[in-house]
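All remarks here apply to the structure that follows.
Counting convention: from 1, in listed order, for ligands and their atoms alike. Residue indices begin at 1 and follow the sequence shown.
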Amino acid sequence: MISKKKEMVLKGIPASPGIVSGKAFLYGREQYTISRRNITDAQVQNEIKRFKEALLQTKNEILEIKKRISDELGAEHGQIFSAHLLVIDDAMLIEEVISKLKKEKLGIEYIFQDVLRRYIKVFSEMDDEYLKERISDINDVGRRILRNLIGAKEDLLSNLKEKVVVVAYDLSPSDTATMHKKNVKGFATDIGGRTSHTAIMAKSLEIPAVVGLEVLTKKVESGDMIIVDGTHGIVVVNPSPKTLRKYELERERLISFEKHLMELKNLPCVTLDGRKIELASNIEVPEDVPSVLAHGAEGIGLYRTEYFYMNRKDLPTEEEQFKAYSSVAKKLKPYPVTIRTLDIGGDKFLSQLEVPQQMNPFLGWRAIRFCLARPDIFKAQLRAILRASAHGKLRLMYPMISGLTELQQANALLEEAKKELKKENLPFDENIEVGAMIEVPSAALTADILAKEVDFFSIGTNDLIQYSLAVDRVNEKIAYLYEPAHPAVLRLIKNIIENGHKADIWVGMCGEMAGDTIMTVILLGLGLDEFSTSPIAVPEIKRIIRAVTMTQAKVIAEEALTLSTGKEVEIFARKKLKEILPDMVDEAE
Ligand code: PEP
Ligand code: MG
């Protein structure tokens, strides 16, 4: 169906590649309009009956979603709905609604909404962070109950009845997790950056997405035709027939290009002059493993473990973690799996841990800082990783290391965990490689010192760029300043690799830059030993690596280092890539 409305093109940030078109579905916290309606004594019982039916209907809905999400994405993603069930069963809330209804004799929707608002107000005024975080659960469930009371249509992403393109102001990582690939063709949001975790999740689900569109939700109505071009970061609202055709052709071109890339799957990742490069993938949950293997990655360079701890009320036990880590290790064997220890904070927070709100969460109590302060949580994870190392080739790395002391403290806890396991006669790989993520400028500048304590480095460019350029990675307003090609970033990377090699350790990269095709040759020339990217980027990176010699790459990297701005480096890198593989560089970019 072609709309008569005027075509509008919006430029955002490419978050997950691919092109889709379809009906827009505006997802938001829309408010239901509920009028005040008097009821008679005789109607009271009927209103109570309606309320109880709505509660039951809501409970069944939630149970169904919980089951589906647990089946499809794993139990850890299903956990969020357990918290929702607790709200429905809250006897105090139910009693308060019924007694108020009897007293005030107003329509049940009105009474329920009133009680709900008061609950939310009371919770938001509490000092307890855990209880404060329950507000979003109460809100979600409350809206569901209200919707069932007034018979409005379901607007949840997990339960879409037709294929749509989701448009939202923002989506939390758990919103993204509940998306059904079957019905969500793609999504576009007003806020968010390329390396926000919602964007990363979209990539792992292989859903095309554009973020940081700023005003999109003000320009689109549900039902409008919309194109999401996640490869170039473009959204077209109400496209003309000509634009639709253009994107349809581009979509077909991309699909056949991808098919061609997949033919590389079983070929080795080696440069023209024979240098073998380790090409691995990043995963969020064990369910991502099939995609890693399908795209031809030879290992996992970053297994983010935060998702284990998200959307649940309790902490994952050592046993539970051991099972997940060892199942991934077994599936990847003989390839390596690099498990990163818990990196909470920044834009990833955990509801079950009482982390106080911080003015600058990315600069705050995060990752290794949190783990060193909570050795109980950290040790359980270290023990689980060590135990799983008996079942495959595991590596372990710490996030957010900012200096030597932190690294030594983490290693000391690891030694303790090893000793405990030995005492308990539990097997583990005594030679497990231990690495540090280099993602803080202070670590990059002291790479020579840190290299003595570890077996490898993995460069976390998502954070390294935000910290070295002072550009919040999730703020779309300053996204233009978030430049992987910035000379400061290149110099830091050069320093990390050189000092790693001087100390005889290998250096990898697991930030999004490792999957940025424009930068591949430069990174290769700087001496990077391992690239770890989202699975979908693997074939393209392999194709580039297989098309150059190390000599060629070194010359290109050296010249890139003489340039003065990120833009200059980017233009230069694009030109060089075009010379090597003309069809890799898109004129539209
Ligand atoms: C990084 O910072 O580059 C990284 C890989 O870690 P995360 O994106 O999880 O912070
Ligand atoms: Mg990081």
Which ligand 1 atoms are under 4.0 Å away from a heavy-atom of [X]?
X: Arg366; value: 10 (O)
X: Cys510; value: 5 (C)
X: Arg304; value: 4 (C), 5 (C), 6 (O), 7 (P), 8 (O), 9 (O)
X: Met437; value: 4 (C), 5 (C), 6 (O)

Ionic contact status for Glu559 with Lys554, cut-off 4.0 Å: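 Looking at Glu559 together with Lys554, the answer is no, because their closest N to O distance does not fall below 4.0 Å.
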
Ion pair check, Glu483 and Lys567, cut-off under 4.0 Å: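 No, Glu483 and Lys567 are not salt-bridged.
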
N/O separation below 3.5 Å, Glu306 to ligand 1: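 Checking ligand 1 against Glu306, no N or O pair falls under 3.5 Å apart.
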
Any N/O pair Glu512/ligand 1 closer than 3.5 Å: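 In fact, backbone or side chain, Glu512 has no N or O that close.
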
Option with minimal heavy-atom separation from atom 2 (O) of ligand 1, where the choices are Met509, Glu439, Met400: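 Looking at heavy atoms only, the winner is Glu439.
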
Name of the residue among Arg383, Lys323, Lys379 meeting salt bridge (charged side-chain N to carboxylate O under 4.0 Å, His left out) with Glu318: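 Exactly one pass, corresponding to Arg383.
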
Flag if over 12 foreign heavy atoms under 6.0 Å of OH, Tyr169: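 At most 12 heavy atoms, drawn from other residues, nucleotides or ligands, come within 6.0 Å of this atom.
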
Flag if over 12 foreign heavy atoms under 6.0 Å of NZ, Lys477: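 Not buried by this count: 12 neighbours or fewer within 6.0 Å.
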
Cation over ring face, Arg387 and Phe428, 6.0 Å, 45°: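 No, Arg387 does not sit over the ring of Phe428.
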
Angle in degrees, rounded to 10°, that OE1 of Glu439 and OD2 of Asp463 form at the Mg ion (ligand 2):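 It rounds to 90°.
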
Leu302 contact mode with ligand 1 (heavy-atom cut-off under 4.0 Å):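 Only the side chain of Leu302 comes within reach of ligand 1.
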
Which segment of Leu464 sits under 4.0 Å of ligand 1 when only heavy atoms are counted: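 It is neither part, as no heavy atom is under 4.0 Å.
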
Pairs satisfying ring-ring contact (aromatic ring centres under 6.0 Å, His included), at least one member in residues 324-343, at least two apart: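 Of all non-adjacent pairs touching residues 324-343, those that pass ring-ring contact (aromatic ring centres under 6.0 Å, His included) are Tyr303-Tyr325, Phe308-Tyr325.
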
Selection residues 433-449 - residue pairs positive for side-chain hydrogen bond (donor to acceptor under 3.5 Å, both in side chains), sequence neighbours left out: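 Listed once each, the pairs are Arg395-Glu433, Glu433-Trp506.
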
Test item, Arg473 contacting ligand 1 (heavy atom, 4.0 angstrom):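 True for this residue.
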
